Amino acid sequence: MAGSTQVVEIDGHRIKLSNLEKVLYPEDEIIKAEVIQYYLKIAPYFLRHNKYRPLSLVRYPDGISSHEFFQKDRPSWAPDWIESIRLGKEEKKDYIFLTNAASLVWLANLACLELHIMEFTKQDPDHPDLMVFDLDPAPEMSFDQVKQIAYLLKEHLLEFEYHPFVKTSGGKGLHLFCPIAPSNSHGEVFQAAKDLSESFIKKYPQLGTLQLRKDKREQKLLIDIYRNRETQTVVGAYSLRGKPGAPVSMPVSWEMLGDIQSSQAFQLRQAADHIEQHGDAWEGMHSQAVPIHTHRQPKLSQPYNPEGLKHKTPEQLEEYAAKRDFSTTPEPPPAVTSGTGHAFVVHRHHATSLHYDLRLEKDGVLLSWAIPRGLPPEPGIKRLAVETEPHPLAYLTFEGEIPKGQYGAGSMWIFASGQYRKTKEKKDGFYFQLTGSRWEAEFRIHHMKDKEWLLERVSPALHHPYESTWQVMLAEQTTRIPTGSDYRFEVKWDGIRALLLIFEGTIRILSRNGRELTQQFPELVAALSYLRASNAVLDAEIVRLDAVGRPVFKQVISRLHQSHPAKIERLSKSAPVVCYLFDALYLDGRSLLQDPLIRRRAWVQDLIKPGSPFRFSSDVEDGAALYEAAQKMGLEGIMAKKATSYYYPGKRSADWYKLKFRETMDCYIAGFTEGQGERSSVFGALHLLQKNEQEWIYRGKVGTGFDMDFMQYLRERMDVLPKTTKPFETPTADDKVSTWIAPELVCEVEYASITDQGTLREPVFKSLLEDR
DNA sequence: GACACAT
DNA sequence: ATGTGTCAACGCGTT
DNA sequence: AACGCG
């Protein structure tokens, strides 16, 4: 059979994939199609770390047990959209670099299993932005020993104020990468790396060596700093290796490193899942860039003033100063200072109207643009950016309330900050990459006329409110109010848990199982203009309140079962719901999952306009007082959440607790009794079974908590289930009026306590589990 | 894996 | 038509 | 100058 061939289109480029069935890893039976799939799936992360870096390729056209070869020169037959840069002696070689997922897939199709990167980008080949330490263990050394040395070296580097990141090499050792400001030559960076390694070896002479010769290493670990030479390369983050098992060079957090047993612990078949679960451990790495320690300027205590003139506002900040009264505003006074040269900040500025401010460091000040409609969340969307007066560098960390009457009055929030770098110069504009600790993206800004610029997103979106799968975070149940000062307490709203997905000014409402609820709540859809966000994912509870503001669960759940549009419309007017917002997972192009709870909630509170069905679910610090008040008021319970915790989608953890005033149990509906009077057409009560491991326990009957509509609906659901015989021996008072059905429907029942017979005391039906 | 070049 | 060769690099230390 | 090393 001839090799299978397929043409795919990625990023607008047609790529012919050949020999998809060819086995590249014989021991693991991994074929080329899987390799391509891997690189495609991992592309957003692979590009984040390796885009624009000149490459050295290791290709295995007939698999890893056959002949491999290195390739650096761009072949003449490469399609014209494969970009390259001439480097080296007499610019002899034309090095390929990645620009998009298509270029990565094209290389994968050439059986290019390993991609080795240079420690600089094509924008600035003379100034490395990474310092690399390749830890190469001696043959006898255990991986635990390698880890130990890596931790020690990390501490050593921290003493010099570097921020080391670690990855497995996919072979035997570990790689430490330190992001550095791209302002030194290769020689200077190498010297700094050598300096650091030598002082480390002086501290721990038994552990490491810089000896390249094997016979001189004396069972020590080689700290290979020679990667930092101009022409050297190192295997890129997330690259496969051409070794049995298809290991991946995997970035890991320092905490996670402790659990890892081998440099080859991550392999093609699990690596993508791991990132999906734990995120990219190197995200935002470059926001931690520092000048190399041999070239650090002493911090300027005085504002940098090239003219030597004191007390005079520098020319670039005259407009900034003229607009403000620094005895009233908390904003930083004008001063031109020296920074890294590459800092950026994006402010979310809730002034007269909400907008974003983009600020990029240049010549000691922050060039600024106001972006009324927010940063474009994905490629293809353009946003107007209006140039405003340059701000002082101290504005990088400014956040707070600008008082009424002052210019820009309102709250100023840091939405993201970090380091940026220009990726391409254009006539009337440029491309730039923003790298914050929890957010990175590439944009293009283009000057139109006067103060008007156009901002466009270049890098693909990592999340999309509608297309990404979102899951809600869950709470553990407890009976004690957690102590410790870092908990915040909220009312537990008794309604329908929902995610509000907002995309470019449209909204969808999903249940926590991902069920579409949008059509059920037109009054919420109509109120979208009360939410100040054009793109967001918000966590909420939809409730129906009684006259005194208590949620009535029965009424809101009945809204879920309506299917007739006219009836829904009528109910939305006569019995409208309200929606309590309490968390945010995503906001205007940035994931908030790794922001602390109080920060996420501050944003939620800020984005709700008053006077709509959307309300902020406020919190208090005094849990005992809220517990008492909520119990007195007859509410369902309270929530306790750790103020500093992250949002873990789909996870139930001790970061969130629920405290309920009444207990609940999930039970199977095992049958029902005949009803009388009004209920003669439906049922009287439901027989309940609890499933405990393998055992079924009879929990008695529940006969209240439903209205006639729901009872009719439930009777229809039960009638289609197979009839059975009574599933236990003990006689009950109503055996002759009972119908037994296969236990398939699960419901939640609230109760006061459990009787000696094991049945529930004061049981009240809450909901079918599928509605929750 | 794709090509140039030789047989 | 079929087969074969090509596809990297350089500093550093020792011999 | 050649070789070993990564």
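Predicted model, so just to flag it, every value in this text is computed and none were measured. Keep in mind that the numbers below use all heavy atoms, side chains included, and drop hydrogens, waters and symmetry copies. Sequence lines set the chain letters: A, B, ... in the order given, protein chains first and strands last, and positions in each chain run from 1.
- Distances shorter than 4.0 Å separate none of the side-chain N or O atoms of Lys72(A) from OP1 or OP2 on dA9(C).
- When the P atom of dG11(C) is taken as reference, atom CG of Asp134(A) falls 19 Å away, rounded to whole Å.
- Place Thr231(A) and Gln211(A) on DNA chain C by their nearest nucleotides, and Thr231(A) ends up nearer the 5' end.
- Ring centroids of Phe97(A) and Tyr95(A) are separated by 6.0 Å or more, keeping the two rings apart.
- Atom C1' of nucleotide dC10(C) and atom CG of Leu87(A) are separated by 14 Å, given to the nearest angstrom.
- Computed from coordinates, the Met118(A) CE to dA8(C) P distance equals 12 Å when rounded to whole Å.
- Look at Asn109(A) and you won't find any side-chain N or O under 4.0 angstrom from OP1 or OP2 of dG1(B).
- Side chain of His67(A), nearest nucleotide from dC7(C), dG1(B), dA8(C): dC7(C).
- With salt bridges taken as basic N to acidic carboxylate O contacts below 4.0 Å, none links Glu378(A) and Arg457(A).
- Put simply, NE2 on His116(A) is 15 Å from P on dG6(D), counting in whole angstrom units.
- Within the 4.0 angstrom heavy-atom criterion, no nucleotide atom of any strand lies near Lys16(A).
- Atom P of nucleotide dG6(D) and atom CZ of Phe70(A) are separated by 13 Å, given to the nearest angstrom.
- Per the geometry, NZ belonging to Lys93(A) stands 9 Å off C1' belonging to dC7(C), to the nearest Å.
- Ion pair Arg227(A)/Asp136(A) not flagged as a salt bridge, since none of the NZ, NE, NH1 or NH2 atoms sits closer than 4.0 Å to an Asp/Glu carboxylate oxygen.
- Of all nucleotides present, none satisfies the Watson-Crick or G-U wobble test against dA9(C) with each distance under 3.5 Å.
- Listed candidates were dA8(C), dG6(D), dC7(C). Nearest to the side chain of Leu222(A) is dG6(D).
- Here Tyr226(A) lies out of heavy-atom contact (under 4.0 Å) with every strand.
- Here Arg229(A) reaches the OP1 or OP2 of dC12(C): one of its side-chain N or O atoms lies under 4.0 Å away.
- Of the side-chain N and O atoms in Lys32(A), one or more sit less than 4.0 angstrom from OP1 or OP2 of dG1(B).
- Remark: Lys203(A) engages Glu159(A) in a salt bridge, criterion side-chain N to carboxylate O under 4.0 Å.
- As rounded to whole Å, 15 Å separates atom C1' of dT6(C) from atom CG of Leu57(A).
- Here Asp28(A) does not pair with Arg269(A) in a salt bridge; the nearest charged N to carboxylate O distance is not below 4.0 Å.
- Spacing between dA8(C) and dC5(D) at atom C1', rounded to whole Å, works out to 15 Å.
- Within 4.0 Å (heavy atoms only), Gln232(A) reaches at least one base atom of the nucleic acid.
- The Tyr95(A) side chain lies nearest to dA9(C) when the options are dA9(C), dG6(D), dG1(B).
- For the OP1/OP2 pair of dA2(B) and a distance below 4.0 Å, the side-chain nitrogens and oxygens of Ser18(A) include at least one atom meeting the criterion.
- Distance from the side chain of Trp77(A) is smallest for dC3(B) among the nucleotides dC3(B), dG6(D), dA9(C).
- No side-chain donor from either of Tyr431(A) and Gln123(A) sits under 3.5 Å from a side-chain acceptor of the other.
- Of the candidates dC3(B), dA8(C), dG6(D), dG6(D) carries the atom nearest the Arg227(A) side chain, counting heavy atoms from C-beta on.
- If you measure from atom CD1 of Ile225(A) to atom C1' of dC5(D), you get 15 Å, rounded to the nearest angstrom.
- Counting non-hydrogen atoms under 4.0 angstrom, Asp73(A) reaches the backbone sugars and phosphates but no base.
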